[in-house]
Amino acid sequence: MQTVETLNEGLKRAYTLTIPAADIAKRVDAEIKQAAPTIRMPGFRPGKVPANLVRKMHGPALEQQALDAAVRDGVQALMAEQRLRPAMQPAVELVDGYEPGKDAALNVTLEILPDVPEPQIEGLKLERLTVEPTDDEIDAQVRRLAGQQKSFDDAMEGHPAVEGDLVVMDFVGKVDGEPFDGGTGSDMSVELGSGRLIPGFESGLEGVKAGESRTLNVTFPDDYNVAYLKGKPATFDVTVTKIQVPKEAAADEDFAKSLGLESMEQLRGLLKGQVEQELNGLTRTHMKRKLLDQLADAHDFDVPPSMVEAEFEQIWRQLDHEASHEEDPEAARAELEGDREDYRAIAVRRVRLGLLLSEIGQRNGVEVSQPEMNRLIAQAAQQYRGEDQKRFIQYVQQDPMAAAQLRAPLYEDKVVDFLFERAEITDRTVERAELESEIEADADNLGQPHVHGPDCDHDHDDAGHDHDHGHDHGDHDHNDAGAPVAAETQVTEAAPQSAEDAEGTVAADAPVKKPRAKKPKAQASEATETTEPTEG
């Protein structure tokens, strides 16, 4: 194989590879030899079809397989010979004019990972802000838990519906003035403020009274799960048949026993443990942010533009998804456009920190063990239905990039823990409000907008941050027990090897996740199976 370097500029590389025709011909012969035993042809015993007839019948397909294998092996040989560590999957193009029996010329273009300078991890100093749970916080947790067990009673005549009320209704949905399939329902109930229905539907019912009819003007989100309704304006003719008001369970000894516990004291003890876990998560979040800030300030090196672009696209997709669920999606998107470069800077930071943490981990022997990886796979497989669980496990085991993505958050946490152990840490006890204020100030001090999800490394819960824009955080759960800190950097263990091993992952090979379970709505009738007004 002949190799000619055609570009060497910064992190960009390009090569022309020439694969001799003789090499391809040998591969074709090998393909024919391998396929011959499986060929069936009238007049010949199984496996005895002459090679020339196999070539005549299946030559083009076998030649294509041989060429594909030659290209794949040639690119892998190039990576090894030139000691290249691709940042993303190399782009491979067969030069026009190739014909069977001739040499094959390939253009290979890629960006390589930078040579990360030796990480400066000496002299790290961090402050650990700790918070003790208060009785008031535990009381609030008890009240919230009791509130989740609420039931509903019929409202007094003339009661206008407010947030938290249950509205029971009949409805007819229309697009372009015509009813659409599945857009009609009866006796459907929805708790106002639950966010279960498409934007504008629940808020349009506020103030309505039993027996009243209204026409609601709404727009289906751009990512709605019914293709012909995506982004469509619609009207819903609604007739309210009943309004019910919430009746919360009393937070007393009987309530604790209804949960299978012995006493309120035991319940409070369990909830205190959850609050402590949540506060520990906030403490870690603050320390991690400070650690990453110190690392970012101490290291500056070029990062592959393709990795930055991929990271930015991920951030932008999530932001666009969030904007689509705002009351005025177009206004929200217009506001985002003004901050586009700030979000691109966040992408640069994430990529640089990811490469840096990967380098630190590799230099210091940090790794995710096979038992840990097995646990990660088993946990992730729980998101799939029976047979798809097996397919998912096989998919991760066979696809290095899928495995790397699954492993990345744990690997990042282990590198961060390694750095915590080396840092000089001082402790200070503070109030929750101060810790939460510090976390938000850290994000502001970056000089960049705070990104929910892609660059968010604080816990996503109700503590200290209002989620008032109804966005979807994908597969991680929101809870009050200290959800794991979202990975800011998406660092991967042995990232260069993972990139080299990838051979064009086909996303469609991954099994389809089972739908996420939704909390049951009080007194929801079977009419709630009509999904058209629900959040897509």
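Any value given below was found using the heavy atoms of this structure, including those in side chains, with hydrogens, waters and symmetry copies removed.
In this structure, Pro117 and Phe301 approach most closely via the heavy-atom pair CD-CD2, 3.7 Å. Taking each heavy atom of Leu295 and Leu357 in turn, the nearest pair found is CD1-CD2, 3.7 Å. Across all non-hydrogen atoms, the minimal contact from Leu205 to Ala161 is O-CB, 3.9 Å. Residues Glu359 and Pro119 share a closest heavy-atom pair of CG-CG, 4.0 Å. When every heavy atom of Met373 is checked against every heavy atom of Val368, the shortest pair comes out as N-CG1, 4.0 Å. Nearest heavy atom pair, residue Thr283 against residue Thr130, reads OG1-CA, 3.9 Å.
In this structure, the separation between CE on Met264 and CG on Leu259 is 8.5 Å, given to the nearest 0.5 Å. Leu319 CG to Glu337 CD: the interatomic distance, rounded to the nearest 0.5 Å, is 10.5 Å. The CZ atom of Phe420 sits 4.0 Å away from the CE atom of Met287 when rounded to the nearest 0.5 Å. Atom CG of Leu356 sits about 11.0 Å away from atom CZ of Arg349, to the nearest 0.5 Å. Glu436 CD to Thr285 OG1: the interatomic distance, rounded to the nearest 0.5 Å, is 11.0 Å. Summarising the geometry, atom CG belonging to Leu110 is positioned 11.5 Å from atom NZ belonging to Lys12; distances are rounded to the nearest 0.5 Å.
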Inset, instruction - Evaluate side-chain contact (heavy atoms from CB on, under 4.5 Å) for His286 paired with Lys290, printing each intermediate quantity in order. - result: CA-CA 6 Å; His286 178 257; Lys290 292 299 186 183; 3.5 Å; yes
Inset, instruction - For side-chain contact (heavy atoms from CB on, under 4.5 Å), just list the numbers for Ser203 and Glu163, CA-CA rounded to whole Å, side-chain angles, deciding distance to a tenth of an Å, and then say yes or no. - result: CA-CA 8 Å; Ser203 60; Glu163 184 172 317; over 6 Å; no
Inset, instruction - I would like to know whether Val396 and Leu376 meet side-chain contact (heavy atoms from CB on, under 4.5 Å); could you show each step before the answer? - result: CA-CA 11 Å; Val396 174; Leu376 288 175; over 6 Å; no
Inset, instruction - Show your reasoning for whether side-chain contact (heavy atoms from CB on, under 4.5 Å) applies to Leu197 and Val218. - result: CA-CA 11 Å; Leu197 306 185; Val218 297; over 6 Å; no
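Between the side chain of Arg196 and the main chain of Gly193, no donor-acceptor pair closer than 3.5 Å is present. In this structure, the side chain of Glu276 does not engage the main chain of Pro133 through any donor-acceptor pair within 3.5 Å. Remark: side-chain polar atoms of Glu127 are not paired, donor with acceptor, to backbone N or O of Arg428 under 3.5 angstrom. Between the side chain of His299 and the backbone N or O of Gln120, at least one donor-acceptor pair lies under 3.5 Å. A donor-acceptor pair under 3.5 Å links the side-chain atoms of Arg85 to the main chain of Pro114, judged by distance alone. Judged by distance alone, with hydrogens and angles left aside, the side-chain atoms of Glu111 form a donor-acceptor pair with the main-chain N or O of Ser306 at under 3.5 Å. Distance alone, capped at 3.5 Å, places no donor-acceptor pair between the Asp399 side chain and the Tyr395 backbone. Counting only distance, with no hydrogens or angles, the side chain of His325 and the backbone of His321 share a donor-acceptor pair below 3.5 Å. Remark: side-chain polar atoms of Asp252 are paired, donor with acceptor, to backbone N or O of Asp254 under 3.5 angstrom. Side chain of Asp297 to backbone of Gln294: no donor-acceptor contact under 3.5 angstrom is found.
Here the side chains of Lys414 and Leu410 are in contact, with some heavy-atom distance below 4.5 Å. Here the side chains of Gln318 and Gln314 are not in contact, with every heavy-atom distance at 4.5 Å or above. By the 4.5 Å heavy-atom criterion applied to side chains, Met88 and Glu309 are not counted as neighbours. Contact check for Ser258 versus Gln149: no side-chain heavy atoms found under the 4.5 Å cut-off. In this structure, the side chains of Glu191 and Glu202 stay at 4.5 Å or more apart for every pair of heavy atoms. A heavy-atom distance below 4.5 Å is found between the side chains of Arg284 and Asp413. Here the side chains of Pro246 and Asp165 are in contact, with some heavy-atom distance below 4.5 Å. Arg289 is not listed as a side-chain neighbour of Glu438, based on a closest heavy-atom distance of 4.5 Å or more.
Atom CD of Gln370 has more than 12 heavy atoms from other residues, nucleotides or ligands within 6.0 Å. Summarising the local packing, CG of Asp115 is surrounded by 12 or fewer heavy atoms from other residues, nucleotides or ligands at distances under 6.0 Å. In Glu372, the CD atom is crowded: over 12 heavy atoms of neighbouring residues, nucleotides or ligands sit closer than 6.0 Å. Around CD of Gln266, the count of heavy atoms belonging to other residues, nucleotides or ligands within 6.0 Å exceeds 12.
Between Phe392 and Tyr384, the two ring planes are parallel [angle under 30°; tilted spans 30° to 60°].
Asp223 has no carboxylate O lying under 4.0 Å from a charged side-chain N of Arg317, or vice versa, which leaves the two without a salt bridge. Under a 4.0 Å N-O distance rule, the pair Lys272/Glu137 does not qualify as a salt bridge. Looking at Glu265 and Arg268, no side-chain N of the basic residue comes within less than 4.0 Å of a carboxylate O on the acidic one, giving no salt bridge. Using a 4.0 Å cut-off between charged side-chain N and carboxylate O, Asp136 and Arg432 make no salt bridge. Between Glu311 and Arg352, no side-chain nitrogen of the basic residue sits less than 4.0 Å from a carboxylate oxygen of the acidic one, so the salt-bridge criterion is not met.
With Arg128 as reference, Asp427 is the one residue of Thr426, Asp427, Thr429 to meet the side chain to side chain donor-acceptor pair (under 3.5 Å) rule.
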